[in-house]
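So the structure is just underneath, and the comments pick up after that.
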Amino acid sequence: MSATLIDGKAIAAEVLAEVAADVDYLKAQGIEPALAVVLVGEDPASHVYVRNKVLRAGEVGIRSLEYRLSVEASAEEVLEVISTLNDDPTVNGILVQLPLPAHIDENRILQAIDPAKDVDGFHSENVGGLSQGRAVLTPCTPAGCMRLLRNTIDDLRGKHAVVIGRSNIVGKPMAALLLAADCTVTVLHSRSSKPQKLCGQADIVIAAVGRPRMIDAEWIKPGAVVIDVGINRITEGGRSRLVGDVDFDAVLPIASAITPVPGGVGPMTIAMLMHNTVTAARQQHGLTAHRESY
Ligand code: NDP
């Protein structure tokens, strides 16, 4: 047996096509969705992420605004930009690219974003709403994983899902979304005892650890669906390459479906950011959704 590949690029393209249609619909109502991206400092990876987000926004018809601040910018300067964007009715989504320079308290900045414009879903109003099962703006990577799962599994209800990792941006919101989808959820972390045994009972495995190829064949029940969130750069045979948290070659013959790295979860994250921007724009104008979220 060999697992089916879950094609994140193709599913992300479907999401982006839906978003583009939603943007057209909003424009026909006189609303031009807009996303503001705030970048502080010179981190090269952050610059690449921001460039990709701006490019993708343009492709689906979302207007984007970029605010670049120097690495020496104070928290107050960043807060001033956020306050201006919060007050601007033509801006629907605000994203502050993380990480911020060490002298700035990330949480203070994230809490300053209007929750209705918080397209990353990191404000505690949205985090709390997610854990209460309310329809709120949801972190993009776990939302993307849900879309991959819904495309792969007909009925998620009652499935045992194991999430490996409990970060605020991936593991915890992932667990909340799976619970809202009526899965039975186990969350593993660095202090879990017998993690391999627990993972081996899962129908669905979400790996969000940040350790190259940690999850090998011994962790996976035959027929499980495996979503690999990890992005790890390693050097192998003198070449630099990206690998996931799952040992893809070892798990391929055991799982029923698996995401590759790259080309699995990665493309979904940015697609869900566009989806959140359109959702935010729609909600700010009191319009209801005309399709299911993810
Ligand atoms: P964090 O470092 O914030 O969290 C890692 C989690 O893994 C922690 O909860 C940690 O436990 C847990 N962990 C570490 N070692 C073990 C272990 N041996 N056994 C079980 N659990 C362990 O990472 P993120 O959540 O931010 O990211 C996880 C991965 O996903 C990274 O590779 C990152 O690059 C990738 N990522 C990919 C995205 C995408 O778009 N595809 C987006 C975001 C992240 P503890 O809490 O106890 O320390």
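Ligands are counted one by one from 1 in listed order, and the atoms in each one are counted from 1 as well.
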Please report which non-hydrogen protein atom sits nearest to [atom], along with the residue it belongs to and the distance in Å to one decimal place.
{"atom": "atom 15 (N) of ligand 1", "result": "Arg211 NE, 2.9 Å"}
{"atom": "atom 34 (O) of ligand 1", "result": "Ile231 O, 3.4 Å"}
{"atom": "atom 2 (O) of ligand 1", "result": "Val209 O, 4.4 Å"}
{"atom": "atom 9 (O) of ligand 1", "result": "Arg166 N, 2.8 Å"}
{"atom": "atom 18 (N) of ligand 1", "result": "Met214 SD, 3.6 Å"}
{"atom": "atom 27 (O) of ligand 1", "result": "Val170 CG2, 4.4 Å"}
{"atom": "atom 29 (C) of ligand 1", "result": "Gly210 N, 3.7 Å"}
{"atom": "atom 35 (C) of ligand 1", "result": "Val229 O, 3.5 Å"}

(message) Just to be sure I read this right, does ligand 1 sit under 4.0 Å from the backbone of Thr269, its side chain, both, or neither, counting only heavy atoms?
(response)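 The answer is the side chain.
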(request) Using a 4.0 Å heavy-atom cut-off, say whether Met268 meets ligand 1 through its side chain, its backbone, both or neither. (result)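 No part of Met268 is near ligand 1 at this cut-off.
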Which ligand 1 atoms does [X] reach within 4.0 Å, using its non-hydrogen atoms?
{"X": "Thr141", "answer": "40 (O), 42 (C)"}
{"X": "Val265", "answer": "41 (N)"}
{"X": "Asn232", "answer": "32 (O)"}
{"X": "Gly266", "answer": "41 (N)"}
{"X": "Ile169", "answer": "26 (O)"}

(request) Can you figure out which of Ser190, Pro195, Pro173, Ser167 has its heavy atom closest to atom 1 (P) of ligand 1? (result)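 Ranked by closest heavy atom to atom 1 (P) of ligand 1, first place is Ser167.
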(message) Given Ser192, Pro142, Gly165, identify the one with the heavy atom nearest to atom 12 (C) of ligand 1.
(response)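 It is Gly165 that holds the nearest heavy atom.
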Between [X] and [Y], is there a donor-acceptor pair closer than 3.5 Å when you use the side chain of the first and the backbone of the second?
{"X": "Lys159", "Y": "Ile204", "answer": "no"}
{"X": "Gln284", "Y": "Ala116", "answer": "yes"}
{"X": "Thr279", "Y": "His275", "answer": "yes"}

(message) Salt bridge check, Glu76 against Arg108: does any charged N sit closer than 4.0 Å to a carboxylate O?
(response)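 Result for this pair is yes, salt bridge flagged.
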(request) Give a yes or no on whether a salt bridge exists between Lys221 and Asp203, defined as a side-chain N under 4.0 angstrom from a carboxylate O. (result)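 A salt bridge is present here (some side-chain N lies under 4.0 Å from a carboxylate O).
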(request) Answer yes or no: are there more than 12 heavy-atom neighbours, outside Lys9 itself, under 6.0 Å from its atom NZ? (result)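 Open: at most 12 neighbouring heavy atoms sit under 6.0 Å from NZ of Lys9.
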(message) Within the supplied structure, the quantity of interest is the number of heavy atoms (other residues, nucleotides, ligands) at a distance under 6.0 Å from Glu59 CD; does it exceed 12?
(response)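 Above 12, so yes.
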(request) Pick out which of Thr84, Thr90, Asn92, Asn86 makes a side chain to side chain donor-acceptor pair (under 3.5 Å) with Asp88. (result)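 Testing each of Thr84, Thr90, Asn92, Asn86 against Asp88, the sole residue satisfying side chain to side chain donor-acceptor pair (under 3.5 Å) is Thr90.
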With a 3.5 Å cut-off and no angle check, do the side chains of [X] and [Y] form a donor-acceptor pair?
{"X": "Thr141", "Y": "Thr269", "result": "yes"}
{"X": "Ser74", "Y": "Glu77", "result": "yes"}
{"X": "Arg68", "Y": "His47", "result": "yes"}

(request) Determine whether any heavy atom of Ala208 lies closer than 4.0 Å to an atom of ligand 1. (result)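 Distance cut 4.0 Å: Ala208 passes for ligand 1.
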